[in-house]
A.B. asks: 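Following this message is one structure expressed as structure tokens.
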Amino acid sequence: MSKVLMKGNEAIGEAAIRGGCKYFFGYPITPQNELPEYMAKEMPKRDGVFLQAESEVAAINMVYGSAGAGGRVMTSSSSPGIALKQEGISYIAGAELPCVIVNISRGGPGLGGIQPSQADYFQSTRGGGNGDYRLLVYAPATLQEMVDLVMDSFEVADYYRNPVMIVGDGMIGQMMEPVEFREPKKRELKEKTWVTTGTKGQRKPNIINSLALDPAKLEEHNFKLQKKYNEMEKNEVMYENTNLENAELVVAAYGTTARIVKNVIEELKEEGINVGLIRPITLWPFPTKAFDEIPDSTKALLSVEMSLGQMVDDVKIASNGRWPVHFYGRTGGMIPEPEDIKSKIKEILGGR
Amino acid sequence: MAVVFDRTNGLVDRPTHYCPGCTHGIIHRLVGECLEELGVLGDAIGVAPVGCSVLAYDYFNCDMHEAAHGRAPAVATGIKRTLPDKVVFTYQGDGDLASIGAAEIIHAAHRGEKFTTIFVNNAIYGMTGGQMAPTTLIGQKATTAPYGRDVEHSGMPLKVSEMLSTIDGAVFVERVSVHNPANIRKTKKAIKKAFEIQLKGLGFGIVEVLSTCPTNWGILPTDSLKWLETNMIPYFPLGNLRMPKEVE
Ligand SMILES: Cc1ncc(C[n+]2csc(CCOP(=O)(O)OP(=O)(O)O)c2C)c(N)n1
Ligand code: SF4
């Protein structure tokens with residue numbers, strides 16, 4: 001198949017439809033509006049349903065209803081909107097329903113701004129809604145990777161009966177790149193026997209629910225969920241390790257920040273400085289095992305983020321005291337300059 | 001001997017957790033009877049609220065989906081848009097529908113979502129122990145209105161049916177009560193009509209049912225029925241506020 005030049009947000013919409021998305025519920029917020037707009041245009045033509053909800057709270061609850069009724073369903077938003085969706089996300093995770101949630105994030109806190117940011121790392125990997133639950137969180141760095149992950153995410157969500165979140169900052173939503181749409185990777189899926197589609201008088205009523213008033217039952221349910229999350233940690237971790245051989249320092253960065261770091265690595269090579277990169281593709285489960293490939297030559301780690309140090313916590317956990325962990329970040333919609341990353345690396349390596 | 005009264009297949013054979021004298025049980029039964037008599041139990045998907053009827057999913061003999069507090073209309077929208085041929089209903093209390101979920105019910109009505117809402121108005125928050133609801137009457141005591149509801153402080157009780165009847169998408173709006181047998185029969189008629197209107201795909205339908213909460217009102221069940229009649233009905237008048245032209 002040939003490549004097509006597309007804007008990030010529209011490419012996500014097209015990938016979702018090709019991945020089997022049939023229902024989309026959303027509410028406008030910059031910088032992700034081209035996505036619901038694309039769905040509004042395409043869904044009716046392609047046997048799907050688009051509905052603009054009255055709020056993010058309503059949108060995610062429409063997703064909750066649709067997923068319960070067996071729909072392959074998606075919603076998208078940006079940071080403050082995702083904050084509002086947390087109530088519903090917790091209910092959906094609790095009731096074990098599949099859905100795909102896209103966060104084209106922007107600077108915060110509060111209303112913040114509309115420029116790209118990665119300050120929703122905690123929000124996406126630590127919950128935000130109440131209770132012991134986890135989402136599978138993808139953070140692609142290119143539009144091609146975005147398209148591939150979006151396409152596969154519906155199968156993954158169905159496989160685990162769990163929400164999948166795709167995090168891209170405003171930069172990836174707004175940029176244009178050539179993409180190729182391949183076939184989604186199919187998984188072996190169990191029949192959805194639990195859906196609320198009407199009993200037809202053929203079976204006992206199904207109940208979609210996240211309430212368990214008996215604490216012993218609720219604990220048991222949480223243990224069951226945890227088992228599933230452990231499976232994800234075993235099987236779904238994705239990352240990219242680059243230029244680790246002989247690296248004096250290893251940077252951890254994801255999404256568009258990782259792209260900037262890749263350029264920095266090339267430039268430093270010319271100055272005779274070897275820097276490696278660990279790029280988490282799944283933010284949760286975090287690719288702790290990626291750190292096992294770090295060579296003996298490495299003296300320190302550096303987490304570079306478009307936030308004031310959120311992923312750095314996970315980098316510290318993954319490094320487990322084996323290396324000193326440093327941090328460099330910009331926030332509020334400011335993008336890290338290659339020069340500043342370079343000087344930070346040189347400073348860590350002893351003022352070279 | 002002819003059977004004059006039997007259990008409905010619309011409810012499962014299980015005792016409910018409702019307080020003695022609470023009319024939630026009667027309203028459940030009426031909804032179950034209507035679904036059964038219309039022959040749509042196998043196609044029905046109910047959405048349960050947060051409130052005393054949070055466990056409604058354990059009682060109705062059809063597929064059920066539990067929603068977050070106030071969000072039942074959004075959940076029902078998701079279900080109905082996914083399965084347009086099914087019979088979808090929400091069952092919600094007045095705290096759930098008129099307070100935290102006010103936006104969701106207004107916009108579901110506004111879009112003319114083709115589902116049915118059974119709105120149980122007992123003028124108080126039952127489940128959480130008798131706090132004030134938007135529907136609590138002037139002077140009525142509640143744990144968070146210990147001196148009685150005061151207009152200056154909390155506004156007038158919200159007339160949900162009147163409000164929704166101003167919205168074009170709400171094609172069927174009726175207020176009924178279950179304080180005596182004659183009104184219980186009228187309530188059943190209204191609920192059936194609302195479901196029939198959904199089956200015809202005409203738009204959004206809501207039946208507001210005035211109900212009792214003897215526990216949190218702090219009065220005997222029989223006195224509660226009387227209290228409903230003398231205090232609630234004058235402020236929340238019974239009757240149809242909207243009927244689709246196709247049906248009139
Ligand atoms: C988000 C959220 N806020 C508050 C509550 C607590 N809560 C449970 S039931 C309820 C009131 C329900 O009252 P109503 O809808 O009138 O139903 P009733 O119990 O009277 O039948 C509240 C406030 C909750 N479960 N979730
Ligand atoms: S608290 Fe009130 S509304 Fe709730 S079950 Fe008891 S009587 Fe009914």
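In the text below, chain A, chain B and the rest are named by the order of the sequence lines, each starting its count at 1.
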A.B. asks: Of the backbone (N, CA, C, O) and the side chain (C-beta and beyond), which part of A/Val73 lies under 4.5 Å from a heavy atom of chain B, both, or neither?
C.D. replies: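 For A/Val73, neither part sits under 4.5 Å from chain B.
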A.B. asks: Which residue out of A/Val49, A/Ile60, A/Val57 racks up the most heavy-atom pairs below 4.5 Å with chain B?
C.D. replies: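 That would be A/Val57.
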A.B. asks: What part of A/Ile92 is in contact with chain B, defined as an atom under 4.5 angstrom from a non-hydrogen atom: side chain, backbone, both or neither?
C.D. replies: neither
A.B. asks: Do the rings of B/Tyr59 and B/His17 sit parallel, tilted or perpendicular, given the 30° and 60° boundaries?
C.D. replies: parallel
A.B. asks: Would you find a donor on one side and an acceptor on the other, under 3.5 Å apart, between the side chain of B/Lys114 and the backbone of B/Gly203?
C.D. replies: no
A.B. asks: If you count heavy-atom pairs within less than 4.5 Å of chain B, which of A/Gly65, A/Ala59, A/Ala53, A/Gly71 leads?
C.D. replies: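 Answer, by heavy-atom pair count under 4.5 Å with chain B: A/Gly65.
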A.B. asks: Under 3.5 Å, is there a donor on one side chain and an acceptor on the other for B/Thr8 and B/Glu33?
C.D. replies: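 Note: B/Thr8 and B/Glu33 side chains miss the donor-acceptor criterion.
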A.B. asks: Which bit of A/Tyr91 is near chain B, if near means a heavy-atom gap under 4.5 Å: side chain, backbone, both or neither?
C.D. replies: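 Side chain of A/Tyr91 only, per the 4.5 Å heavy-atom cut-off to chain B.
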A.B. asks: Evaluate the side-chain contact (heavy atoms from CB on, under 4.5 Å) criterion for residues B/Asp63 and A/Ile207: first the C-alpha distance (whole Å), next the side-chain angles of each, then the deciding distance (0.1 Å), finally the verdict.
C.D. replies: CA-CA 6 Å; B/Asp63 279 358; A/Ile207 299 167; over 6 Å; no
A.B. asks: What orientation do B/His24 and B/Tyr91 show, parallel under 30°, tilted 30 to 60°, or perpendicular over 60°?
C.D. replies: tilted
A.B. asks: Could you check whether A/Arg18 makes a cation-pi contact with A/Phe181, meaning its NZ or CZ is under 6.0 Å from the centre of the six-membered ring and within 45° of the ring axis?
C.D. replies: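 Here A/Arg18 passes the 6.0 Å and 45° test against A/Phe181.
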A.B. asks: Does NZ or CZ of A/Arg187 lie under 6.0 Å from the centre of the six-membered ring of A/Tyr159, at an angle within 45° of the ring axis?
C.D. replies: yes
A.B. asks: Looking just at side-chain N and O atoms, do B/Asn121 and B/Glu208 make a donor-acceptor pair shorter than 3.5 Å?
C.D. replies: yes
A.B. asks: Under 4.5 Å from any heavy atom of chain B, what part of A/Leu51 do you find: side chain, backbone, both or neither?
C.D. replies: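 For A/Leu51, the side chain is the part near chain B, not the backbone.
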A.B. asks: I'd like to know which of B/Ile79, B/Asp43, B/Thr77, B/Asn61 tops the heavy-atom pair count under 4.5 Å against chain A.
C.D. replies: B/Ile79
A.B. asks: Please state whether the side chain, the backbone, both or neither of B/Ala44 comes within less than 4.5 Å of a heavy atom of chain A.
C.D. replies: backbone
A.B. asks: Could you look at B/Ile106 and say if it's the side chain, the backbone, both or neither that has a heavy atom under 4.5 Å from chain A?
C.D. replies: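 No part of it gets close to chain A.
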A.B. asks: Pick whichever of B/Arg81, B/Lys86, B/His110 has the most heavy-atom pairs under 4.5 Å with chain A.
C.D. replies: B/Arg81
A.B. asks: Side chain, backbone, both or neither: which part of B/Leu41 has an atom under 4.5 Å from a heavy atom of chain A?
C.D. replies: backbone
